[in-house]
Every structure is written in C-alpha cells, then in structure tokens.
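Comments concern the structure below.
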2 protein chains.
Amino acid sequence: MNSSRPVTIKDIARRFRCSPSTVSRALNDHPAINEDTRKNIQEYAREVGYQRNEVSLSLLNKKTATLGVVVPTIGNYYETAVIEGLHTILQPLGYTLNICVTNENYLLEKEYLSKLLSNRTEGIFLSVSQETYDAGYYEHLESVIQRKTPLIFIDREYEDFETSRATVDDYHGAFAAVEHLLTIGYKNIAHLKGPNGLTVSEQRFKGYRDCLKKYDIPIKEELIINTNFKVESAIVPTKRLLDLDSPPDAIFGVNDQVAIGAMRVILDRGLKIPGDVGIIGFDNSPISAYTYPSLTTVHRPGRKIGMEASRLFLNQLNGSGDFVHENIVLPTELIIRESSLRIS
Amino acid sequence: MNSSRPVTIKDIARRFRCSPSTVSRALNDHPAINEDTRKNIQEYAREVGYQRNEVSLSLLNKKTATLGVVVPTIGNYYETAVIEGLHTILQPLGYTLNICVTNENYLLEKEYLSKLLSNRTEGIFLSVSQETYDAGYYEHLESVIQRKTPLIFIDREYEDFETSRATVDDYHGAFAAVEHLLTIGYKNIAHLKGPNGLTVSEQRFKGYRDCLKKYDIPIKEELIINTNFKVESAIVPTKRLLDLDSPPDAIFGVNDQVAIGAMRVILDRGLKIPGDVGIIGFDNSPISAYTYPSLTTVHRPGRKIGMEASRLFLNQLNGSGDFVHENIVLPTELIIRESSLRIS
DNA sequence: AAAATTTTTTCAAACGTTTGCATTCGATAT
DNA sequence: ATATCGAATGCAAACGTTTGAAAAAATTTT
C-alpha cells in the first residue's frame, strides 16, 4: 500500500542529489540559487504536490498565525456577526481563526483555553461562559495572562481582570428603548430579562430600571421575569404577565428572540400590537424587520465589535512590551418599527 | 523587559541539572523515574506554568488532532446546527475544529483548503461555495485527495468527486411540502427558489416540479422566482407573485427566511394566511414555530448531519487504506403548523 | 596559470518533544 | 572483592524547515 506520506523537502533534495537547504531556498526564490536549479525544483515540487509543512515552521519561528475565538454559542445572529467582523480584519493578515464553542460550560472553556495555549495560539478572543461568570472563576485565565498571550474580551465583562475589551453599550441601549416606550405613551412596562449574572442581562436590566426611575415610575417585581434568551423561554413568562391584575401595556425583551416569543403569545390572546401592548426587542437581527408586526429593537453592532476587537488585538501585538489595555464601548442604535408605534 | 518565552522542558532540565528526557518522562508519569524526581519536577512544572508545546509534538507524531470545517456561511441556523453535531462527536475524541467561512467565494475556499493541508489537518468537512459549484472548479480538491486526507462533503453535492457525503434529502422534503399543500386544497402553488446552480436550490425545485407533475398540474414559469435565501430577497418576488393576473394561493419558500419574508408581504396586502395564501418554508428554524402565523416547514436535521459526517470521517480514518466512500442521505420531516392549515 | 572574485551549494544548528538503547550508580549476591 | 542485577538517568536521533557561515565550484582578473 502506498503510504502517501506528504512529500518533504528532503524527498526533493534526494531526487536532485542536493541538500535540503538548496531546495528550501529554491522554493522560496532565494537570490543565491541558480536559475535552472530553481526552475527545476519548483517544477518538480508542483508536480508531486509538495506543500510546505507549516507545523515545522511554527516550531521554528514560534509563530502559528492562529487565533482562538472562544464563545458560549454560535447559534445567534450576534455571535456570527462578531466572528464575521474578526474575520474581515484578520483573515487578510494571514490569521486563521480557531472557533471554540463552550456551550456556557466552564470546564469546556478551561479545556479550550489550555489547548489554545498548548497549540501556541497567538491571541485569544473570549466571551466567557455563563458558568464561568456565575462562579467567578478566573484561574484558567491566569495562564493566558502569564504567557502574555493577548487576550481580548468580547461582549462579556469580567471585572477583576485587566485586559482589553470590546463591548456594546447595553445599558444605554436598554435605557433608550424604555425611554422610547415611555415617551410614546406606554406606562406599565414589563421586562423579559436575561439569565441572572450575565453582564448583558444585568446591564440591560439596569438600563430598564434606571429609566423608569428617571421618570418616577415605581419598579414592580412582578413585571420582571427571567428568560434564557430563547424564543420558547418567553412563552410562559409572557402568559404570566398578561394574567396579572394590571397587565403591562408594553414589554421590553432582553433580545429579539424573546420579544418575538412574547408577540406570539400576545397575538394569540387576541390583543393588538402595538395597540394593546407595545413590544421592543434587542439585537436588530435580520428577521426583526420582517415579523408581523415588525419589531422595534436596539441595534447591536456585532460586526463592528469584531472589527474593534481585532484592532485591540493588533495594538497589543505591536505594543511595546507592557500592554495598553483599552476598553472600547460601542453605542447602540434604536430602530423604531411597528411593534411600538402608538400615537401618544 | 521580561520576554516571557514559554517554559520548555529544557528549562526545567537545566533547573534540575538533569536531561530533557528525564523531565519528559517525569511529566508523563513514566514508571522508570524516581518517585521523588517525578514529584519535584511535576511540582515545579505546575509552579512555573509549564505547558507542553503541542506544535513540536505534532511535528514528531505527524498528528495534529485538528479538523477543518469549510462552509460558505455560518449565519443561518442550519450551519450552526451542523457544526454543533460535528462538535458533539469529535470534541470528546480530542479533535479541535477549525471553522473556515468562505462567504461563497472560490478563492477563499481554495486558500483555506491549502492552508488546512499545510497545517496538516487530519480531515476536512466541506460544503463547497456557490462560486466553486457554479464554475465547476475542482482542482483545489485534487491536492486533498492526493494527500489522502479524509474529505467529507456536507450538504452540497459535487457530482464528479467520489468522497463520502452526508446530505439531507431535499428532494423528497420539497416534494412532501408541495404534496401537503395540494392535498389540503391549494391549487396554484408558487415557489420562491434559491440561487441557481446550488444543489439545495435545485433539489428543492425538482421536488416542487415533480410533485406538481404527479398531480398533473402545469408548471408555470411566472410562479417560480429566484431569491438568495435571505429574508429581504423574498420581498420583491412575493409582490410580483401577488400582482399576477392569477396570483398563487400558496407559496413554497426555499427556506424559512424567504417564507417569513413572503408572509410579511402577504399580510401587508391585507390577505389572510392561510385563508387566502398558504405558506410553507424549509429548515424548521427555531423562529418558525413562533411567527404569526406559525410557519409550516420541513425539518432539516442539521445536528444529525454533523454527527453522521463525523461518523463518515471516523470510518475513513480507521478504514483499511482505500477509503470506503459512503453516501448518507437523511430524511426530512414535514412540520405542519398554522401557515398551511386550511380545511379542504 | 595562478590569484581574486563571484556564484552556487552544503553544513550545522535550531525549534521542543519523545523514545529505544546505552550508561551509570548503588545494592545485592557470589 | 568482584560479578550480577535493577533502578534511574542520559544520549542521540527523529519530525521538517530555515538560515548564517563556511565551503566548493565556476568565473573573471591579473
């Protein structure tokens, strides 16, 4: 059986009765190589499908041109937008992105980070998993820091750690959303909150809370119900909201998915959107413009976050020794559509 | 400035005035190492944060434990489901997935494949880009074949190439969808088609066409309009359909996104779904159950595809020399919801 | 034709790890 | 006291490539 071991420089050298160095130089168009030798070797290499073993080069140069992207999930529009942004900047520079999905699992996250370091990844973009965040774990990050591998946080904050960070201004996005509802005449605004503990959830919740405070509206516990970001998780909570003695006249969902789930329940009850209940989401996912009614939402610039995060990485890389830690916070944008339109 | 070069086995050896071999054996719990030596070395290694350089091991063992996943996009639910499936099987086996997004671009696909080979990736899962497919390119695959790197096609067929393949039975899925519409009483069924040339588009179109044929219904050119899988791309085509002299009483969308876009246009015209127009999509994306009205669709088992593809890869890997090429086609499932419910 | 110069090629080391085989060092048996 | 044995450690090669310095070969100059 033909073992089909990849052709190496040594193989080519044997074939031409020359040294590996000559072959290497010929393949790399080194000037100190005879024109004929070069041509012959290059031609032969192409013929036999020689492909340089990057693994050996990585070992030699201590450069792998690989970056890790560690995220809790890739199911949602936002994450893929971030990855696209990273890709846009980093792919042309020759970097390969190694995308690792932790499923919100601490152990998996830890394993991935360790693996990325072992593989001599040159930088890591990390959105910590919920489990990690909840438990306040951070030891697995120590080794990344210790190794001085550039570490960029995307999206989720991690207070105790000083690294660069690119996040969206969830707080003001939420604030603007609720303020919009208030100024348009809604008075009793509920919030379908994200999982406790996550920065994204908490920031948006804070925006909701502080906006109500600003307008001297009491915060009612029964109007704040948790979800897990998924459509399904909005169903029961929304029903509970509608069954209240004084049901909300508007709902602010922690993301578009949840808002869409809520809309469904409301329409099923024969209520009108935005007539009876106003709805607002978060993310500005592509579908949000085409639901019925279309969904007012807060645009979250995922692609830009990816591009900014890339920039932060490159800064660290070219930075002089000690990293300059930057903290980029991108603004959101309120996108007003049908689900919140009501003449005040 | 502290250069913070990663600690190597040699560093540790120097510290203990012993040879690298001893350190290596100590770290790997080799039996022929003195208990004290072992303990001391292991402790010290932990202290200084030693992490074994997998790059050097990869070179030595010619094993990288890395697999490439080359897909045109990761924006949609289906692709992420496939990746999740791959992940489910392969992550526990120690494989790292290197996800590469080609954006339907041939050159990028070619570059990625070449890079993956150079990096000595042990297997490649490929869903060819539209450009590649359109142009019928295949040379970039030759080197993969030549190297005998296991290559598994996911989702998109590539006739001339014999490799293993895991796809969904789009044809029969589409057929069932249209048949459902017909048996429920719809007569004038339009199709919002996917981009020309893509297997997915063409197979679903064929299913549509053949089903109509089976029921002796003439195929009308004006009822078949192209889209690009995205919500927005359904808007204008749907308007055109509704403006026809004899507008369709049902629309079969090539995917859920397109179907949702169509629904939006129809509802905007004051028409009832499913009363005036029945709608059916494809994919069974999470959102499809919660649109208003909920969307009848064809379930596409992305996760299963990923798992099957993994199985095919493992078979090739353990297979004896010459690969056994398998061709897995998974069935779809019709999910009947509101958008097609009409008493016949 | 020898010396000087230029062109072309080879040598050897390095990257970090593992591993078969050889070596060293005590200790035990003769 | 010496041979024998076992345990512990070291040596050296290997993986594939690059690269500065040295060597060899070819060319030009004297």
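Excluded from the calculations below are hydrogen atoms, water molecules and symmetry mates; all remaining heavy atoms, backbone and side chain alike, are included. Sequence lines set the chain letters: A, B, ... in the order given, protein chains first and strands last, and positions in each chain run from 1. Every value quoted in this text rests on a predicted model; they were computed, and no experiment measured them.
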- [ ] Determine, stepwise, if the pair Q42(B) / R38(B) fulfils side-chain hydrogen bond (donor to acceptor under 3.5 Å, both in side chains).
- [x] CA-CA 6 Å; Q42(B) 286 193 358; R38(B) 191 184 62 72; 3.2 Å; yes
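- Residues from residues 15-30 of chain B placing a heavy atom under 4.0 Å of any atom in DNA chain D, listed by number, are R17(B), C18(B), S19(B), S21(B), T22(B), R25(B).
- Scored by the salt bridge (Lys or Arg N to Asp or Glu O under 4.0 Å) test, E104(B) finds R156(B) as partners (sequence neighbours excluded).
- Residues V101(A) and N103(A) meet the side-chain proximity criterion, which asks for heavy atoms closer than 4.5 Å.
- The one candidate from E109(A), K110(A), E111(A) that meets the side chain to side chain donor-acceptor pair (under 3.5 Å) condition with H140(A) is E109(A).
- Listed by first then second residue, pairs satisfying ring-ring contact (aromatic ring centres under 6.0 Å, His included) with a partner in residues 11-58 of chain B read F16(B)-Y44(B), not counting sequence neighbours.
- Here E308(B) pairs with R311(B) in a salt bridge; the nearest charged N to carboxylate O distance falls below 4.0 Å.
- Using a 4.5 Å heavy-atom threshold, the side chains of H325(B) and Q316(B) count as touching.
- By the salt bridge (Lys or Arg N to Asp or Glu O under 4.0 Å) test, D36(A) is found to be paired with no residue, residues two or more places apart in sequence or in another chain being considered.
- Using a 4.0 Å cutoff on non-hydrogen atoms, the parts of residues 50-62 of chain A near DNA chain D are Y50(A), R52(A), N53(A), S56(A), L57(A), L60(A), ordered by number.
- In the helix from dA1(C)-dT30(D) to dT30(C)-dA1(D), the rotation axis of the first five pairs and that of the last five pairs differ in direction by 80°, rounded to 10 degrees.
- The nucleotide range of DNA chain D contacted by chain A, defined by atoms under 4.0 angstrom from heavy atoms of the protein and reported 5' to 3', is dC15(D) to dA21(D).
- Evaluation of the salt bridge (charged side-chain N to carboxylate O under 4.0 Å, His left out) test over residues 117-127 of chain A, restricted to residues two or more places apart or in two chains, returns none.
- With respect to R165(A) and D155(A), no salt bridge is recorded, no charged nitrogen being found less than 4.0 Å from a carboxylate O.
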Side-chain donor/acceptor pairs under 3.5 Å, residues 86-96 of chain A, sequence neighbours excluded:
unit_1, atom_1, unit_2, atom_2, d
H87(A), NE2, Y112(B), OH, 2.4
T88(A), OG1, E84(A), O, 2.7
T88(A), OG1, R303(A), NH2, 3.3

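- Using a 4.0 Å cut-off on heavy atoms, none of the residues of residues 37-47 of chain B approach DNA chain C.
- Residues that satisfy the salt bridge (Lys or Arg N to Asp or Glu O under 4.0 Å) test with R147(B), not counting sequence neighbours, are absent from this structure.
- Of the inter-residue distances, the one linking S310(A) atom OG with L97(A) atom CG reads 8.0 Å to the nearest 0.5 angstrom.
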Task: side-chain contact (heavy atoms from CB on, under 4.5 Å) between T167(B) and I328(B), intermediate numbers included - done: CA-CA 6 Å; T167(B) 54; I328(B) 301 284; over 6 Å; no
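- For R25(B), there are no salt bridge (Lys or Arg N to Asp or Glu O under 4.0 Å) partners two or more places apart in sequence or in a different chain.
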